[in-house]
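One structure below.
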Amino acid sequence: MKRLSIAVVGVAMTVSACGSGGLFRERSELIADTAGCTEQRLDIYFEEGEARIARPAQQMIALTGERLQGCRIEGVDVIGLASSTGDAASNLTLSERRARTVADALIAAGWPSPTFTLSAAGDAGATTDGGLAEPLRRRTEIVIHARPQ
């Protein structure tokens with residue numbers, strides 16, 4: 001008799017599960033994927049004296065935006081940098097243009113615009129103490145402050 005009542009309870013649970021979508025559900029219905037919802041950093045590199053974003057960088061921005069869907073983005077810092085080629089004022093202007101160009105690309109890719117903090121460093125730090133130029137300074141750093149929702 002005990003076995004029969006256990007079997008009846010098991011059948012009842014199975015039948016009730018069928019009415020509510022079944023015992024087996026899609027993983028995405030049960031588990032939120034928040035692996036990408038952490039602080040991240042991207043670097044967008046530019047040609048010398050340019051503030052135009054290359055196609056591969058645009059694709060990286062789009063893919064990162066897709067990966068962050070479902071995350072709470074608390075802020076995005078966009079820091080424009082320049083190499084030591086040219087004068088300091090021109091390099092500051094160039095790094096400002098780079099930061100603005102990248103922020104515009106992030107907005108165009110669907111990133112929330114009120115979360116941006118833009119800054120420009122110009123060529124500050126572009127030359128080592130030994131006088132060597134740092135060519136990898138021709139970039140914009142993006143720091144994304146994302147958390148799970």
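Sequential numbering from 1 along the given sequence is applied to the chain's residues. Treat the numbers as computed from the prediction; the structure is a model and nothing was measured.
- Grouping Ile, Leu, Val, Met, Phe, Trp and Tyr residues whose side-chain heavy atoms lie under 4.5 Å apart, directly or via other members, leaves Leu92 alone, with no other cluster members.
- Taking every heavy atom of both residues into account, Ser95 and Gly122 meet most closely at OG-N, 2.9 Å.
- Summarising the geometry, atom CD1 belonging to Ile142 is positioned 10.5 Å from atom CG belonging to Asp77; distances are rounded to the nearest 0.5 Å.
- The two atoms that bring Pro148 and Arg72 nearest to each other are O-NH1, 3.6 Å, heavy atoms only.
- No side-chain heavy atom of Arg41 sits under 4.5 Å from any side-chain heavy atom of Ile144.
- Residues Phe46 and Leu81 are members of separate hydrophobic clusters, defined by side-chain heavy-atom contacts under 4.5 angstrom among Ile, Leu, Val, Met, Phe, Trp and Tyr.
- Taken from SG in Cys37 to NE2 in His145, the straight-line distance is 14.5 Å, to the nearest 0.5 Å.
- Arg139 has a carboxylate O that lies under 4.0 Å from a charged side-chain N of Glu141, or vice versa, which qualifies the two as a salt bridge.
- Residues Gly49 and Arg98 share a closest heavy-atom pair of N-NH2, 3.7 Å.
- Remark: Ser119 OG to Ile79 CD1 distance equals 4.5 Å, nearest 0.5 Å.
- Contact detail for Ala103 and Leu118: the closest heavy-atom pair is CB-CD2, 3.6 Å.
- Clustering ILVMFWY residues whenever any of their side-chain heavy atoms sit less than 4.5 angstrom apart, transitively, puts Tyr45 in a cluster other than the one holding Val78.
- The hydrophobic cluster containing Val76 does not contain Val143, counting ILVMFWY residues as joined when their side-chain heavy atoms lie under 4.5 angstrom apart, directly or transitively.
- To the nearest 0.5 Å, the span separating CH2 on Trp111 from CD1 on Ile73 amounts to 6.0 Å.
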Inset, instruction - Evaluate side chain to side chain contact (heavy atoms under 4.5 Å, CB included) for Thr140 paired with Asp43, printing each intermediate quantity in order. - result: CA-CA 6 Å; Thr140 297; Asp43 289 328; over 6 Å; no

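- A salt bridge does not link Arg138 to Glu47: none of the charged side-chain nitrogens sits closer than 4.0 Å to a carboxylate oxygen.
- We find the OG1-CD distance between Thr115 and Glu74 to be 10.5 Å, quoted to the nearest 0.5 Å.
- Under the 3.5 Å distance criterion, with hydrogens and angles disregarded, no donor-acceptor pair is assigned to the side chains of Asp104 and Thr101.
- Smallest separation of non-hydrogen atoms from Arg137 and Ala121: NH2-CB, 4.2 Å.
- Under a 3.5 Å cut-off, the side chain of Asp123 and the backbone N or O of Ala126 do not form any donor-acceptor pair.
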Only pairs under 3.5 Å count here: list side-chain donor-acceptor contacts from residues 55-68, not counting sequence neighbours, and write none if there are none.
from  : atom 1 : to    : atom 2 : distance (Å)
Thr64 : OG1    : Met60 : O      : 2.9
Arg67 : NH2    : Gln40 : OE1    : 2.6

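- Leu94 and Val102 fall into different hydrophobic clusters, where Ile, Leu, Val, Met, Phe, Trp and Tyr side chains are chained together by heavy-atom contacts under 4.5 Å.
- Nearest heavy atoms, Ile53 versus Ala105: CD1-CB, 3.6 Å.
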